[in-house]
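Keep in mind that this is a model prediction, so the values were computed, not measured. We name chains A, B, ... by the order of the sequence lines, and we start the count at 1 in each one.
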Amino acid sequence: MKKLINDPADVVSQALLGMAAAHPELRVDHENKIVYRGDAPVSGKVGLISGGGSGHEPLHAGFVGPGMLDAACAGEIFTSPVPDQMVEATKRVDGGAGVLHIVKNYTGDVMNFEMAAEMAAAETGVEVASVVTNDDVAVQDSLYTAGRRGVGVTVLLEKIAGAAAEQGRSLTEVADVARRVNEGGRSMGMALTSCTVPAAGQPTFELPETEIEIGIGIHGEPGRRRVPHVPARQVAEYLLEPILADTDFSGGDGVIAFVNGMGGTPLLELYLMFHEVAGILEKAGVRVARSLVGPYITSLDMAGCSVTLLKADEDLLRLWDAPVRTPALRWGV
Amino acid sequence: MKKLINDPADVVSQALLGMAAAHPELRVDHENKIVYRGDAPVSGKVGLISGGGSGHEPLHAGFVGPGMLDAACAGEIFTSPVPDQMVEATKRVDGGAGVLHIVKNYTGDVMNFEMAAEMAAAETGVEVASVVTNDDVAVQDSLYTAGRRGVGVTVLLEKIAGAAAEQGRSLTEVADVARRVNEGGRSMGMALTSCTVPAAGQPTFELPETEIEIGIGIHGEPGRRRVPHVPARQVAEYLLEPILADTDFSGGDGVIAFVNGMGGTPLLELYLMFHEVAGILEKAGVRVARSLVGPYITSLDMAGCSVTLLKADEDLLRLWDAPVRTPALRWGV
Amino acid sequence: MTGAGADTVDLDALGGWIREFARLVGEHRDELTRLDSAIGDADHGINMDRGMTAAIAALDAAAPASAAALFKKVGMTLVSKTGGASGPLYGTLFLRVGATAGEVDELDGPGFAKALRAGLDGVVARGKPEAGDKTMFDALAPAVDALDAGLDEGASLGAALRAASAAADAGRDATIPMQARKGRASYLGERSVGHQDPGATSVALLVAAAATALGGPGQR
Amino acid sequence: MTGAGADTVDLDALGGWIREFARLVGEHRDELTRLDSAIGDADHGINMDRGMTAAIAALDAAAPASAAALFKKVGMTLVSKTGGASGPLYGTLFLRVGATAGEVDELDGPGFAKALRAGLDGVVARGKPEAGDKTMFDALAPAVDALDAGLDEGASLGAALRAASAAADAGRDATIPMQARKGRASYLGERSVGHQDPGATSVALLVAAAATALGGPGQR
Ligand SMILES: Nc1ncnc2c1ncn2[C@@H]1O[C@H](COP(=O)(O)OP(=O)(O)O)[C@@H](O)[C@H]1O
Ligand SMILES: Nc1ncnc2c1ncn2[C@@H]1O[C@H](COP(=O)(O)OP(=O)(O)O)[C@@H](O)[C@H]1O
Ligand SMILES: [Mg+2]
Ligand SMILES: [Mg+2]
Ligand SMILES: [Mg+2]
Ligand SMILES: [Mg+2]
């Protein structure tokens with residue numbers, strides 16, 4: 001394993017030191033591994049916190065700033081953060097209008113955020129609402145599993161709910177917007193290579209030169225099936241087919257289409273994939289209202305990509321277009 | 001070789017189709033492989049064009065937009081674009097105030113841009129100035145080589161010269177700013193892995209699991225030496241030592257410090273590297289006035305990074321902070 | 001290593017259980033992570049080791065004065081330091097064990113068994129596992145049942161714990177053919193079959209540690 | 001394949017030179033790229049093949065009416081389609097060859113040699129290579145010298161071209177021990193020693209193609 005790190009045990013804390021140095025507009029609580037927007041708490045605004053295992057950068061800390069998150073809690077690599085972090089963040093971003101916890105649907109994340117909400121209720125008077133993202137159509141039979149995973153839609157949700165909070169909407173309203181985004185969003189991912197967790201020191205799975213893995217999550221969890229390595233056009237079909245089979249995205253105000261890189265994929269390939277995705281959507285009668293292309297929810301050094309579609313309506317598009325100023329997403333400001 | 005592509009021969013053209021679909025605010029001339037800002041030519045403004053081999057995304061097309069480039073010419077992977085493209089771009093971005101060609105110092109790029117300038121002079125009345133970036137301190141003995149390579153400083157230069165042009169400065173003034181940036185900037189890069197050129201189908205060089213390559217360029221050119229794989233702290237020293245030995249960056253208005261990813265390196269590691277770089281700079285009495293961390297001038301799927309320091313002064317910092325709105329760099333707007 | 005009477009365990013012995021568990025987790029760290037890389041995200045050994053190392057450090061910093069304090073400290077530390085699924089699950093387990101054990105400085109067999117069952121109930125409350133879901137529950141539930149059964153049949157705590165440990169091992173092995181329905185492994189569907197559950201494996205270490213530390217001297 | 005007289009080459013033969021060069025480049029595409037991956041950026045074969053394929057397509061589209069038109073078309077196409085260092089270098093080479101050859105439909109030996117030297121001068125004007133820099137110059141210059149020398153000594157064009165081809169091959173081989181001072185390979189410093197220059201290798205193909213296509217029938 002070759003990585004630009006010192007000690008596998010210190011990767012997250014040292015990266016946070018780098019984030020603090022590179023982004024003076026943010027505040028970092030190194031002890032609790034929390035990144036805050038510099039002006040938190042914003043009085044009268046619903047506070048948004050998210051968090052999860054590290055290794056998905058820029059998610060979540062790269063999305064802290066006006067128009068998106070108020071705070072992000074960083075866990076160890078691929079390991080949910082702990083309730084103490086979320087409780088601390090909840091206290092510090094509460095501007096009197098309550099706090100929304102944005103949680104990706106993984107057993108560990110859900111349980112830790114649940115405990116945090118219980119503890120916050122007991123220790124503080126802050127009103128907390130939670131929304132769990134679960135957009136990954138690779139997980140079928142969700143009755144017999146931990147349910148669909150939260151993946152790409154998390155990025156879109158943090159942006160859109162962040163804009164709703166910035167507008168001064170109430171906690172209930174912001175949580176509603178967030179749930180609407182989650183319900184209208186579906187994703188599917190694939191890997192050309194495994195990632196390597198620093199502490200493990202070797203690839204999480206082995207994938208021969210001739211095969212790719214379809215339906216992977218963002219933690220190096222193996223996918224649902226291996227298929228021969230095929231051209232990008234076919235990969236786009238593998239990813240979109242189950243998404244379009246799951247939900248009708250045609251008509252209406254179109255979709256926000258998001259082609260995401262897994263960390264080790266060049267932008268050149270992501271744009272090429274976006275071209276293929278756009279072509280399939282056009283044939284399927286799905287209008288692309290907005291788009292996002294880049295590595296936004298990654299899996300360390302994994303080569304691969306995911307596609308997320310989010311059903312748009314006028315409100316969501318207005319919130320999507322609203323100003324955002326974070327290290328990784330920035331427009332309109 | 002596993003990549004998200006269809007045919008190695010079509011990578012660049014299909015990625016440009018994706019760019020066009022993802023960025024309706026840009027215009028793409030697919031025949032000539034040129035990306036323009038949507039409102040080019042901007043009357044009375046100096047036009048900025050750059051270009052080079054593809055495979056370095058987001059450089060250059062990702063930097064087209066208000067406050068940065070007016071057009072970018074995309075060559076084949078790692079192959080300079082041809083004069084016809086540059087001539088065409090020059091004509092189309094000329095707003096009457098002349099056009100600046102931003103060229104990275106590689107034999108092919110320099111010769112093709114030279115021919116383009118000759119052809120533009122012959123075919124059109126457009127006033128053309130050129131600036132060549134050559135910031136890579138890995139190239140020593142530049143008397144006995146093709147000279148230092150143009151690497152990371154190109155990104156900073158395109159941003160700063162773009163701001164100067166946006167302010168309405170004249171071609172001579174914009175070219176002066178650009179040369180000042182190039183003279184004040186130095187870079188050094190390293191690789192954990194080789195990149196793989198799609199048409200070649202296999203890694204350009206072999207690097208064992210235990211070794212890293214110091215002083216690489218951005219085209220999979222092997223570096224100046226191989227050393228055992230060392231922790232990030234030591235890597236930062238390997239990169240900064242020759243930069244600081246080359247030029248005195250202490251005092252004054254500090255530096256713009258840029259830690260760049262080579263395409264296959266997770267953001268987490270880049271932030272960790274930035275922490276190490278900031279630590280060394282502090283010890284060396286170099287003040288970090290501004291910073292940039294991310295994959296901005298890449299080498300396909302190579303894992304590795306480069307560090308660029310640019311001597312700042314008040315004018316350059318003001319230009320750096322000025323609004324920019326491009327796919328890959330965006331702030332202040 | 002047991003307390004005053006053969007069937008009573010004092011605070012030292014209970015602390016010894018935690019320390020022996022931490023030692024076993026450290027020893028099996030890579031194995032637990034390897035199991036997790038087959039059907040999860042390759043961190044179970046790392047998580048448990050981080051959590052237990054912190055728990056031992058917390059115990060070293062100040063010796064708890066009661067069983068309640070001891071297990072609360074372990075539980076809180078695991079919640080605060082472990083992360084992932086195992087943090088809340090093992091954390092809740094020990095918090096419930098402590099709450100049920102109470103402000104005492106020793107436990108008899110039935111008292112320990114009652115506390116451990118409370119821990120199991122905590123795991124169920126937190127993670128909603130059912131038998132056959134291929135989780136830590138599938139090793140812990142049989143172990144708690146075996147402990148109760150042994151004591152009911154009049155066995156010594158040591159003998160009952162050794163039976164519990166054997167039951168945990170069997171429960172752990174029984175996870176191999178199961179298809180996971182909870183946790184990350186469930187995403188694999190049928191591909192989870194044929195792999196041993198990491199959490200069930202660490203639970204087997206937990207119960208083995210109890211047999212070693214609380215099962216009486218020289219009786220392993 | 002030669003023209004009317006044994007020492008005159010007509011447009012067909014000159015076009016045949018280009019086609020034979022394109023064929024050889026296609027055949028040696030991977031070898032050229034492999035050489036470039038050792039000391040460059042792994043694209044010389046790809047570049048040359050793209051450029052020459054386009055040049056042949058341009059010639060196929062409309063047959064040029066003179067040597068000037070033929071080589072101008074080849075040169076312009078190479079400039080427009082090749083990119084990299086080889087585009088301007090080979091492009092300038094052919095543009096100068098064409099400008100010197102002039103509006104004729106055949107060339108005699110000295111006429112061809114003069115045109116080729118003009119091409120060499122174009123390469124020098126464009127890239128500023130010097131002898132020993134480990135570039136295409138190191139194969140092209142000896143070839144042009146050998147061609148002139150052969151014709152001066154009264155050899156037939158065919159014999160002189162075969163001598164030129166041998167000189168180009170020797171020049172190409174002589175690049176192996178050189179340390180590069182121009183182009184990408186120069187960045188490697190001493191590590192460029194021991195590798196054959198890709199551009200010198202393609203030049204050897206260019207001159208070999210001339211010997212084949214312009215050297216008279218059955219004399220290879
Ligand atoms: N809902 C659940 N109920 C009980 N145990 C569970 C549940 N989900 C997961 N587990 C246990 O947790 C183990 C994984 O723990 P760990 O790897 O530390 O956490 P994570 O899955 O968050 O990476 C599994 O092997 C399983 O035994
Ligand atoms: N300044 C120069 N003068 C003459 N020939 C050069 C010069 N620089 C490079 N070359 C030739 O160009 C060849 C490389 O061509 P190519 O790989 O197509 O371009 P690039 O280096 O831009 O990738 C080298 O092998 C060398 O022979
Ligand atoms: Mg985990
Ligand atoms: Mg090249
Ligand atoms: Mg795990
Ligand atoms: Mg080359």
Side-chain angles (χ1 to χ4, degrees), chain A residues 8-9 52-55 73-85 87 106-116 119 136 138-149 194-205 215-226 299, chain C residues 29-30 32-34 36-51 53-54 75-92 95 123 125-130 132-136 179-192 195 199:
Chain A
S54 294
C73 305
E76 289 302 318
I77 305 272
F78 290 174
T79 300
S80 163
V82 298
D84 307 45
Q85 294 173 276
V87 172
Y106 299 96
T107 307
D109 294 64
V110 169
M111 292 193 300
N112 280 287
F113 266 101
E114 242 170 50
M115 291 192 90
M119 286 158 69
D136 188 351
V139 180
Q140 300 160 320
D141 310 321
S142 52
L143 277 180
Y144 303 100
T145 64
R148 290 194 312 244
R149 296 174 289 222
S194 172
C195 54
T196 298
V197 176
Q202 50 190 26
T204 306
F205 55 87
I216 46 116
I218 54 172
H219 302 90
E221 309 98 317
R224 292 207 57 101
R225 62 195 170 112
R226 281 182 186 195
S299 190
Chain C
R29 180 178 188 272
D30 293 348
L32 294 172
T33 295
R34 208 178 53 246
D36 197 29
S37 69
I39 54 170
D41 61 348
D43 63 0
H44 185 60
I46 300 164
N47 291 344
M48 290 303 298
D49 192 39
R50 180 176 51 245
T53 303
M76 290 300 289
T77 308
L78 288 179
V79 168
S80 298
K81 299 294 177 191
T82 312
S86 33
L89 289 167
Y90 271 99
T92 302
L95 288 174
V123 167
R126 185 57 66 200
K128 319 266 178 315
E130 294 175 29
D133 279 357
K134 195 180 184 111
T135 71
M136 59 190 284
Q179 174 168 338
R181 285 188 302 244
K182 286 274 165 9
R184 274 180 215 290
S186 68
Y187 301 133
L188 283 177
E190 288 170 7
R191 283 170 70 181
S192 65
H195 297 278

Which one of [options] has the most heavy-atom pairs closer than 4.5 Å to chain A?
options                       : result
C/A180, C/G127, C/A85, C/G40  : C/A85
C/D36, C/N47, C/T33           : C/N47
C/G183, C/S37, C/G84          : C/G84
C/R50, C/K128, C/Q179, C/K182 : C/R50
C/I39, C/T92, C/D41           : C/D41

Out of [options], which one racks up the most heavy-atom pairs below 4.5 Å with chain C?
options                       : result
A/T204, A/N112, A/T107, A/I77 : A/N112
A/Q85, A/R225, A/E76          : A/E76
A/H219, A/M111, A/Q202        : A/M111
A/P83, A/P203, A/G53, A/G220  : A/P83

Quick one: pull up OG1 in A/T145 and OH in C/Y187 and give me the separation to the nearest 0.5 Å.
-> 6.5 Å
4.5 Å side-chain heavy-atom contact, A/F78 and A/C195 | yes
Strictly distance-based, threshold 3.5 Å: is any side-chain N or O of [X] a donor or acceptor partner for the main-chain N or O of [Y]?
X      : Y      : answer
C/S192 : C/L188 : no
A/D136 : A/A138 : yes
C/K134 : C/H195 : yes
C/T82  : C/L78  : yes
C/T77  : C/A54  : no

Would you call C/E130 and C/R181 a salt bridge, taking side-chain N to carboxylate O under 4.0 Å as the test?
-> no
Under a 4.5 Å heavy-atom cut-off, does chain C meet the side chain of A/Y106, its backbone, both or neither?
-> both
Heavy-atom distances under 4.5 Å only: say whether C/R191 touches chain A with side chain, backbone, both or neither.
-> side chain
